[in-house]
Amino acid sequence: MEVRVRFAPSPTGYLHVGGARTALFNWLFARKHGGKFILRIEDTDTERSSRESEQSIMNDLKWLGLYWDEGPDCGGNYGPYRQSERLNLYKKYAYELVERGHAYFAVYDKDDPKKLLYTTTKEPTDGNPFTVVFKVPENRKVAFQDMLKGEIEFSTEHMDDFIILKSNGFPVYNFAVVVDDHLMNITHVLRGEDHISNTPKQILLYEAFGWTPPKFMHIPLILGADRTPLSKRHGATAVEHFRREGYLSKALVNYLAILGWSVEEEIFDYQEKIKDFEPDQISNKNVVFDYQKLEWLNGKHLRALGVEKLESELKSWMEFVGVNEKIPNSVALICREKVNTLKQLYEFAIPFLREDFEYEQEYIEKFLSKPEAEIILEKSLAAFESLQTLSIENVEQTLRSIAAELGFGTNKVFQTVRGAVLGRLVTPGLFESITVLGRDRTISRLNRTLKLLKNLRSGA
RNA sequence: GCCCCCAUCGUCUAGCGGUCUAGGACACUGGCCUUUCAAGCCAGCGGCACGGGUUCGAAUCCCGUUGGGGGCGCCA
């Protein structure tokens, strides 16, 4: 039988990392088994659902590379894939349950909807609002095999009858999932652990219909550093935020995969990990989201990128955040050695992009204003003017001999020059930086700094 | 309150009764490298929640306690 799994977000906000992880595991499972990954939008909460949120969730999923085979945008043989478009189905099946004696109508006072008037098994026609309520069998054990946690058993003595169809005609979550998962031929339900206690209710519904339930797997939740549910208080949770901050989607997915899943080599491309994915290898305890490890991992991915890939990642990130600038590959290549995200890389590259870069106050105080600065810069200027082409080797040789000639430490000379050509004290390697800037720009920057130095003198 | 799930370094984990003086990764600390900052390499710090069993032997099995998480909606 073909494996069919689904990711079923409710479009009430952004895609957060928890949802992304659930989606990833479903995607991995489908791909591993050559099955289908379905996207279903659970928009039965008319108050909170929105099309904007649905769209942003789909955008984020695509950015992560978690493409679906069937969904509201691309269709499929089991549509519609938006629950709000399946209302007739839910009504039909809810009424069928009433006919079979597993459910009943609950009628409320139209002036006081909280007040239950009576229950009946005939569709009410008195104009009062009514719901369809599932009748939970008394004193039954409901058990299921969870793919991660083994057998889980509940007793119906702790369960009350529950509404399956609201008075506005919309289904309630527990009912809609069952109808949809069955009708869409879902074989495996991989979802968050917060759904464990919903499972017995759903199984009762499958039984009432005489349907076979899918296999269930409940994935542990992601927590913040203080072990409370991950929220904005702990930092970012939205996938889009990480994108904005300059994380690579491959790195984010890699981190999400590794979070609770132990593998020999931690750094990988999830596309190549499909064959190794075994859902029962996932840890069965809640995990704490570690921002530092994510950043470390992103740095690893960033530095491993090929030149063209680095260029295109940088370009699409800048488009995404609305930065209008062109970073030459030569600059990107030397900057990425020092940073972990595209955003950090961009900020590191700024002094290379603008001739009117600013000087850090610390540079001026600690180096430019020192008496030795002028001679260092003038010597450097003269040296670079006499060089035709720059290479890392001859730049290094040039600067070292200036230090030797003047009898200054290399640190003093290098830092003075570094600030003179880039305005900052923390930059990529000096020799690489100067080589990338090229002879002319290096000379004009040295001149500019020398002019500043003189202004400083006369002003003082 | 009731029901369910979970429990190894700060964090993510390896471990599935003896090979564990508990291994790895991130973080942290120190060293090397060195032109700043990183990267890289090396070293160090640091843990089986507690109490009972079972067993010749327990991080590993059982029970309890404690702790954390989830659920108990005309939310999903």
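Just so we're on the same page: letters track the sequence lines, and every chain starts at 1.
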Quiz item: Honestly, is A:R6 close enough over A:Y81, meaning NZ or CZ under 6.0 Å from the six-membered ring centre and within 45° of the axis?
Solution: no

Quiz item: Heavy-atom count around A:Y206 OH within 6.0 Å, excluding the residue itself: above 12?
Solution: yes

Quiz item: The side chain of A:I152 lies closest to which of these nucleotides: B:U35, B:U36, B:C5?
Solution: B:C5

Quiz item: What is the nucleic acid contact for A:F431, judged by heavy atoms within less than 4.0 Å: base, sugar-phosphate only, or nothing?
Solution: base

Practice problem: Summarise protein proximity over nucleotides 60-76 of chain B in one line of letters, 5' to 3': B for base, S for sugar-phosphate only, - for none, counting protein heavy atoms closer than 4.0 Å. | Solution: --------SSBS--BBB

Exercise. For the residue pair A:N286 and A:E193, establish whether any side-chain heavy-atom pair is separated by less than 4.5 Å.
Key: yes

Quiz item: Can A:K115 be said to sit on top of A:Y108's aromatic six-ring, NZ or CZ under 6.0 Å from centre and within 45° of the ring axis?
Solution: no

Quiz item: How far, in whole Å, is B:G47 from B:C26 if one measures between their C1' atoms?
Solution: 16 Å

Self-check item: Pairing partner of B:U55 (Watson-Crick or G-U wobble, both distances under 3.5 Å)
Solution: none

Quiz item: Taking atom types as they are modelled, is there a donor-acceptor pair under 3.5 Å from the base of B:C5 to the side chain of A:K149?
Solution: no

Quiz item: Between A:E337 and A:V263, who's closer to the 5' end of RNA chain B by nearest nucleotide?
Solution: A:V263

Exercise. Starting at atom CD1 of A:I282, determine the distance to atom C1' of B:U13, rounded to an integer number of angstrom.
Key: 14 Å

Self-check item: Rounded P spacing from B:G31 to B:A39 in Å
Solution: 16 Å

Exercise. With a 3.5 angstrom cut-off on both distances, give the Watson-Crick or G-U wobble partner of B:A76, or none if there isn't one.
Key: none

Quiz item: What integer distance in Å separates A:N298:CG from B:A25:P?
Solution: 20 Å

Quiz item: For B:G10, which nucleotide is its Watson-Crick or G-U wobble mate, given both distances must be under 3.5 Å?
Solution: B:C26

Exercise. Go through residues 392-416 of chain A and report each residue with a non-hydrogen atom lying under 4.0 Å from RNA chain B, sorted by number.
Key: A:R400, A:T410, A:N411, A:F414, A:Q415

Quiz item: Going from CE on A:M147 to NE2 on A:H188, what distance comes out if it is rounded to the nearest 0.5 angstrom?
Solution: 6.0 Å

Quiz prompt | Presence of salt bridge, A:K293 and A:E266, under 4.0 angstrom | solution = yes

Exercise. Would you mind pulling out the nucleotide paired to B:G40, Watson-Crick or G-U wobble, both distances under 3.5 Å?
Key: B:C32

Self-check item: A:L64 CG to A:W27 CH2 distance, which is reported to the nearest 0.5 Å
Solution: 11.0 Å

Quiz item: Given atom CD1 of A:I258 and atom P of B:C26, what is their separation to the nearest angstrom?
Solution: 10 Å

Exercise. Ignoring the backbone of A:R418, work out which of B:U8, B:U35, B:A14 is nearest its side chain.
Key: B:U35

Quiz item: What distance, rounded to whole Å, do you find between the two C1' atoms, one in B:G18 and one in B:C5?
Solution: 31 Å

Quiz prompt | P gap between B:G44 and B:C6, integer Å | solution = 36 Å

Exercise. May I ask you to say what A:P428 touches in the nucleic acid, namely base, sugar-phosphate or nothing, with a heavy-atom cut-off under 4.0 Å?
Key: base

Exercise. Using the C1' atom as the reference point in each nucleotide, state the distance between B:U8 and B:U13 in Å, no decimals.
Key: 9 Å

Practice problem: For A:E151 and B:C5, give me the distance from atom CD to atom P, rounded to whole Å. | Solution: 10 Å

Exercise. Grab the CD1-P distance between A:I434 and B:U35 for me, whole Å please.
Key: 14 Å

Self-check item: C1' spacing across the pair B:U54 / B:G71, given as an integer number of angstrom
Solution: 34 Å

Quiz item: Could you give the CD-to-C1' distance, from A:E432 to B:U34, as a whole number of Å?
Solution: 12 Å

Practice problem: List the steps and the verdict of side-chain hydrogen bond (donor to acceptor under 3.5 Å, both in side chains) for A:Y93 and A:N88. | Solution: CA-CA 9 Å; A:Y93 284 101; A:N88 55 333; over 6 Å; no

Practice problem: Answer with base, sugar-phosphate or nothing: what part of the nucleic acid does A:G260 contact at a heavy-atom distance below 4.0 Å? | Solution: sugar-phosphate

Exercise. Assess whether side-chain hydrogen bond (donor to acceptor under 3.5 Å, both in side chains) is satisfied between A:R400 and A:Q397, documenting all intermediate values.
Key: CA-CA 5 Å; A:R400 280 191 192 284; A:Q397 198 183 18; over 6 Å; no

Quiz item: Parallel under 30°, tilted from 30 to 60°, perpendicular over 60°: which one fits the rings of A:F242 and A:Y291?
Solution: parallel

Exercise. For A:E153, answer base if it contacts any base atom (sugar-phosphate contacts may also be present), sugar-phosphate if it contacts only those atoms, and nothing otherwise; contact means non-hydrogen atoms under 4.0 Å.
Key: sugar-phosphate

Quiz item: With sugar-phosphate meaning primed atoms plus P, OP1 and OP2, does A:T12 contact a base, only sugar-phosphate, or nothing at under 4.0 Å between heavy atoms?
Solution: nothing

Self-check item: Atom-to-atom span, OH of A:Y363 to P of B:U36 - whole angstrom
Solution: 16 Å

Exercise. Take atom C1' in B:U19 and the same atom in B:G69, then report the distance between them in whole Å.
Key: 36 Å

Quiz prompt | Test applied, side chain to side chain donor-acceptor pair (under 3.5 Å); reference residue, A:N340; option that passes from A:K300, A:R303, A:H301 | solution = A:R303

Quiz prompt | Min side-chain heavy-atom separation A:E123-A:Y95 under 4.5 Å | solution = yes

Quiz prompt | Nearest-Å distance once atom P is located in both B:C37 and B:C28 | solution = 15 Å

Exercise. Report which part of the nucleic acid A:Q292 touches: base, sugar-phosphate, or nothing (heavy-atom distance under 4.0 Å, all strands).
Key: sugar-phosphate

Exercise. Give the rounded distance in Å between these two atoms: NZ of A:K300 and C1' of B:C26.
Key: 11 Å

